[in-house]
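Reviewing the structure listed below.
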Amino acid sequence: MYTLPSKLKIFAIIFMVVGALGLVYSFMAAPSTTAEVKEMMAGHDDHGTHHEEDTHNVAAHGEDHDEMATAAAHRAEGEHGHSAEDDSAHSSEEKHLEHSLHQMQNRPWSALYIACFFFFMISLGVLAFYAVNIVAQAGWSPVLFRVMEAITAYLVPGGIIMFVLLALSGFHVNHLFVWADPEVVAHDKLLQGKAGWLNGTGLLIRAAIFMGGWITYRYFAVRNSRRDDDASDNRWYKKNFKISAAFLVFFLYSESMMSWDWLMSFDPHWFSTLYGWYILAGMMVCGITTIAIITILLKSQGYLEFVNDSHIHDLAKFMFGFSIFWTYLWFSQFMLIWYANIPEEVTYFITRIEDFKLPFFGMLILNFIFPLLLLMNSDYKRVNWFVVMTGIVILGGHYVDVYMLITPATVGTSWFIGLPEISAILFFFGLFVFVVFTALTKAPLLVKNNPFLKESKNFHY
């Protein structure tokens, strides 16, 4: 049995406390009025950022308001002459300041949402990988099942926080989802057409169904796995096989719709038919990487003596394979949209390339170039410290990927990886470590009655 070290427990709690304090300060430091925004913009004007921020605000959130302001100016001009133009200019400036206010207020919310989803998707990716191994009757992986089950324990607390954030965003308590703003929807025919799907009630109903399905499967799969330890036959294993096969069908549909709701709808004027697969690839590589890192950590502490270099080698192969698969999907999506050059589609990438050069191209280096160069050699996949180092790079790269999916639409050019982002990462990292390593103490680290256990313990490649 695994025993949670007191130092690790304190370490996780400290991270949660420090992260929570940083988030509270970030919310308190956000501007509350347009006057404060104007002062902040004036302070940045010397650095040449004021014009860029206004331009992005207009492009991302202000088109409809600008059209309304222009129309009002033309009507008023006929009635009052030159003074109407002044009123229109003043009104337009107020609109810009209001958009900027929302974006600056969004930053701590956005940082919280990004970190929450990132750690949740790791747990969900592991759950899918766990089910795939059961259905595939994989002979190499049963010695890793208890590590996978512990990681999926994060689905419950992480899912609760995710659901609360979705509720606050879907019902316009914050300004993350532009489609949740009644004023914007009232002047946007495209959003009006999507209102049957993009609404707070529908968002939460679907989220409850998705999370309910995922957590329910996890509950029964882990329960059957525990019962299988004391069973005299394979009936619990067979039950897990059946429910895992059903779960994977549900997962493929629910994961795609989840990606539309929780991520793609931040840019409701844009969509991609590859999006669900793209998110799935990132989810899987992050989940498998986390399995590898935790397994190696436990081995370094004297646990999992039945896990050998061939198991680590297989995990590293999956890390490499899914990194290439992620790159293939990213490039397929980017190349088709860029080559077609349809304004409604290509704007998504133009905004990111022009305003987010460093994270945009840095993400590609971290998620493709590094795994390609570091994991290409088969021998390196057996070196534990090398796999851990590569895994940390991969996880960092995919955090930036999630950051790039959300931030351009919520924060705009007000983006910066600072206190809100770091605090959110610290809080959810601490929570993740506390939940996962506590779950490891609930059962022996080796399943006992799995029909492929002997093959798994003797696995060599």
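All heavy atoms count here, side chains included; hydrogens, waters and symmetry mates do not.
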Show the atom names and distances, to 0.1 Å, of all donor-acceptor pairs under 3.5 Å that link a side chain in residues 120-135 to residues at least two apart or in another chain.
from : atom 1 : to   : atom 2 : distance (Å)
S123 : OG     : I151 : O      : 3.0
S123 : OG     : L155 : N      : 3.4
Y130 : OH     : E149 : OE2    : 2.8
N133 : OD1    : S141 : OG     : 2.8
N133 : ND2    : F129 : O      : 2.7

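- Side-chain contact check for L263 versus Y275: some heavy-atom pair is nearer than 4.5 Å.
- At least one side-chain heavy atom of Y237 sits less than 4.5 Å from a side-chain heavy atom of Q137.
- Using a 4.5 Å cut-off on side-chain heavy atoms (C-beta onward), M16 and F429 make no contact.
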Evaluation steps, side-chain contact (heavy atoms from CB on, under 4.5 Å), between L144 and L315: CA-CA 10 Å; L144 301 172; L315 287 171; 3.9 Å; yes
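- Side chains of T410 and F266 form a contact here, defined as non-hydrogen atoms less than 4.5 Å apart.
- Annotation: side chain of S259 is not in contact with side chain of M264 (no heavy-atom distance under 4.5 Å).
- If you check the side chains of S225 and R146, you find a donor sitting under 3.5 Å from an acceptor.
- Remark: K9 is not positioned above the aromatic ring of F437, lacking an NZ or CZ atom under 6.0 angstrom from the ring centre and at most 45 degrees off the axis.
- A distance of 10.0 Å separates CE in M284 from CD in E255, rounded to the nearest 0.5 Å.
- Ring pair F334/W330: centre-to-centre distance below 6.0 Å.
- Using bins of under 30°, 30° to 60° and over 60° for the plane-to-plane angle, the ring pair F432/F119 lands in the tilted bin.
- Under the 6.0 Å distance and 45° angle rule, R218 does not count as a cation-pi partner of F220.
- In this structure, F11 has its ring center closer than 6.0 angstrom to the ring center of F15.
- Residues H175 and Q105 meet the side-chain proximity criterion, which asks for heavy atoms closer than 4.5 Å.
- You'll find the ring centres of W415 and F356 inside the 6.0 Å limit.
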Under 3.5 Å, which donor-acceptor pairs do the side chains of residues 191-204 form with other protein atoms, sequence neighbours left out?
from : atom 1 : to   : atom 2 : distance (Å)
Q192 : NE2    : V185 : O      : 2.9
Q192 : NE2    : A186 : O      : 3.0
K194 : NZ     : P268 : O      : 2.6
W197 : NE1    : D261 : OD1    : 2.7
N199 : OD1    : T201 : N      : 3.4
N199 : OD1    : G202 : N      : 2.6
N199 : ND2    : A195 : O      : 2.9
N199 : ND2    : G196 : O      : 3.2

For residues 392-403, which side-chain N or O atoms pair as donor and acceptor with protein atoms under 3.5 Å away, sequence neighbours left out?
from : atom 1 : to   : atom 2 : distance (Å)
D401 : OD1    : Y278 : OH     : 2.6
D401 : OD2    : Y278 : OH     : 3.2
D401 : OD2    : W326 : NE1    : 3.3

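- Ring centers of W214 and F247: at least 6.0 Å apart, outside the cut-off.
- I342 has its side chain out of reach of I337: every pair of non-hydrogen atoms, C-beta onward, lies at least 4.5 Å apart.
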